[in-house]
Amino acid sequence: MESLSPASSASEIISHLKSIGSEENRQGMKRYGIKIDRALGISHGVQRDIARKIKRNHQRAFELWASGIMEARFIASVTADPRQFTADDARRWAAEFDSWDIVDGVTDLFVECDCWRSLIDEFAADEREFVRRAAFAMMAWASVHRKKEPDATMLGFFPLIREHAGDPRNFVWKAVSWALRSIGKRSMDLNKAAVVLAKELSESLDKTTRRIGKDSQRELTSEKTLNSISRREANRAKREK
């Protein structure tokens, strides 16, 4: 097995990935609706371990992305420098999205970039299934990772959630639901607002919209969710004293 380090080239990393791929894992990915045409069958845990070993290298990240290999592309997203990653870079990568898992992995990088907010609006308006999914995956990640954003930013996503809740495509509506539920778990105030929106959606005549509303309302009003938010807010208050 090759020893990887920050000095490893893209070709060395790709060679290593190919050496540890698993056809059994690759076939197993199908059960989760993952497109495996360009996959090697390597777990996310192993991919993250490799990313930690090789560390950030912005130029190399683009070389890894160019390989087309799913695992190399995920590692590219983890090792690219968000300070150098531009809106045009995000557009080019998003145009090549072809599976929900790579969308959800790579958009974690997108929300670290300065252009993240405008990209959400742009991607949500895009009719391509995986590009639109990217918008709502970004909302979900932003609700977790952009801790300094005011609640108003998250509330600003509600019109897009309402607008696209009726998109019947599997990989879109599930991302819309993910976004609403994630925002509703960010704080107690956002939870209350998200529950109001979820209730509105649950009363829609459209079956997809109604499903998102009912699923979100059920999760956001559960004792487990409310207790988790309460604990988190209590811990935050202690730290700020």
Side-chain angles (χ1 to χ4, degrees), residues 33 94 100 103-105 107-108 110-241:
W100 69 264
V103 175
D104 296 0
T107 48
D108 205 358
F110 289 4
V111 297
E112 292 186 63
C113 305
D114 291 340
C115 56
W116 73 282
R117 184 63 188 85
S118 61
L119 285 174
I120 286 178
D121 291 327
E122 180 180 330
F123 290 166
D126 198 300
E127 289 296 332
R128 290 172 291 182
E129 182 174 10
F130 291 109
V131 178
R132 181 168 290 170
R133 181 183 177 90
F136 294 96
M138 288 177 70
M139 291 180 199
W141 286 128
S143 71
V144 175
H145 296 314
R146 296 200 69 96
K147 299 185 185 301
K148 294 183 179 180
E149 287 294 327
D151 282 359
T153 301
M154 303 300 148
L155 288 171
F157 297 141
F158 282 10
L160 289 175
I161 290 173
R162 185 181 288 109
E163 179 181 356
H164 295 292
D167 191 321
R169 292 175 293 182
N170 186 54
F171 296 115
V172 176
W173 77 260
K174 286 184 176 178
V176 175
S177 178
W178 178 25
L180 178 56
R181 288 180 286 112
S182 294
I183 292 170
K185 294 176 184 177
R186 182 179 167 101
S187 71
M188 200 59 77
D189 286 343
L190 283 172
N191 178 271
K192 292 174 183 176
V195 169
V196 170
L197 176 54
K199 185 175 186 300
E200 175 192 325
L201 298 180
S202 72
E203 296 170 350
S204 171
L205 296 177
D206 178 80
K207 67 178 183 180
T208 303
T209 304
R210 192 164 60 246
R211 180 175 184 175
I212 290 172
K214 287 182 176 180
D215 289 350
S216 298
Q217 188 175 8
R218 181 169 55 252
E219 183 169 344
L220 293 174
T221 57
S222 71
E223 184 177 358
K224 179 181 178 181
T225 295
L226 295 175
N227 287 342
S228 177
I229 298 170
S230 295
R231 284 195 302 271
R232 193 165 59 248
E233 291 194 340
N235 290 335
R236 186 184 306 128
K238 286 180 182 178
R239 289 195 301 270
E240 292 173 353
K241 280 184 179 181

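Counting from 1, the numbers follow the sequence of the chain as shown.
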*Considering the options Asp189, Asn191, Ile183, which one meets the side chain to side chain contact (heavy atoms under 4.5 Å, CB included) requirement together with Ser187?*
Asp189

*To the nearest 0.5 Å, how far apart are OG in Ser143 and CG in Leu190?*
9.0 Å

*Would Arg218 and Ser222 count as having a side-chain donor-acceptor pair, cut-off 3.5 Å?*
no

_Partners passing side chain to side chain contact (heavy atoms under 4.5 Å, CB included) against Ala140 (at least two apart in sequence or in another chain)_ = Trp178, Ser182

*Glu203/Arg210 salt bridge by N-O under 4.0 Å criterion*: no

*Which pair of non-hydrogen atoms, one from Gly166 and one from Asp206, has the smallest distance, and what is that distance?*
CA-OD2, 3.6 Å

_From NZ (Lys192) to OG1 (Thr221), nearest 0.5 Å_ = 14.0 Å

*side chain to side chain contact (heavy atoms under 4.5 Å, CB included) between Asp121 and Leu160, intermediate numbers included*: CA-CA 8 Å; Asp121 291 327; Leu160 289 175; 3.4 Å; yes

*State the OG-CD distance between Ser230 and Glu223, to the nearest 0.5 angstrom.*
10.5 Å

*For Gly213 and Leu201, work out which heavy atoms get closest and say how close.*
CA-CB, 3.7 Å

*Going by the salt bridge (Lys or Arg N to Asp or Glu O under 4.0 Å) test, which pairs reach into residues 133-142, not counting sequence neighbours?*
Asp104-Arg133

*More than 12 non-hydrogen atoms from neighbouring residues, nucleotides or ligands closer than 6.0 Å to CG on Asp151, yes or no?*
yes

*Salt bridge between Glu129 and Arg169, side-chain N to carboxylate O under 4.0 Å?*
no

*Closest approach of Leu220 and Ala194, non-hydrogen atoms and distance?*
CD1-CB, 3.7 Å

_Heavy-atom pair of closest approach, residues Ala124 and Ala135_ = N-CB, 3.4 Å

*Side-chain (Glu219) to main-chain (Arg181) donor-acceptor, under 3.5 angstrom*: no

*For the student: nearest non-hydrogen atoms of Ala142 and Val111, plus distance*: N-CG1, 4.1 Å

*asked:* I'd like to check His145 versus Glu112 (side-chain heavy atoms, cut-off strictly below 4.5 Å). Are they in contact?
replied: no

*Just how far is it from atom OG1 of Thr209 to atom CZ of Arg162, taken to the nearest 0.5 Å?*
11.0 Å

*What are the two closest non-hydrogen atoms of Ile161 and Leu197, and how far apart are they?*
CG2-CD2, 4.0 Å

*OG1/Thr107 to CE/Met139 distance, rounded to the nearest 0.5 angstrom?*
11.5 Å

_Which residues share a side chain to side chain contact (heavy atoms under 4.5 Å, CB included) with Glu149, sequence neighbours left out_ = Trp116, Arg146, Thr153, Met154, Arg186

*Under the side chain to side chain contact (heavy atoms under 4.5 Å, CB included) rule, what do Phe158 and Leu180 come out as? Steps first, then yes or no, please.*
CA-CA 8 Å; Phe158 282 10; Leu180 178 56; 4.2 Å; yes

*asked:* One pair to check against side chain to side chain contact (heavy atoms under 4.5 Å, CB included): Arg117 and Phe157. What are the steps and the verdict?
replied: CA-CA 10 Å; Arg117 184 63 188 85; Phe157 297 141; 3.4 Å; yes

*Any side-chain heavy atom of Trp173 sitting closer than 4.5 Å to one from Asp167?*
no

*Any chance the side chains of Thr225 and Ser228 put a donor and an acceptor closer than 3.5 Å?*
no

_side chain to side chain contact (heavy atoms under 4.5 Å, CB included) between Phe123 and Arg132, intermediate numbers included_ = CA-CA 5 Å; Phe123 290 166; Arg132 181 168 290 170; over 6 Å; no

*Expected output: side-chain Ser177 to main-chain Lys174 donor-acceptor under 3.5 Å*: no

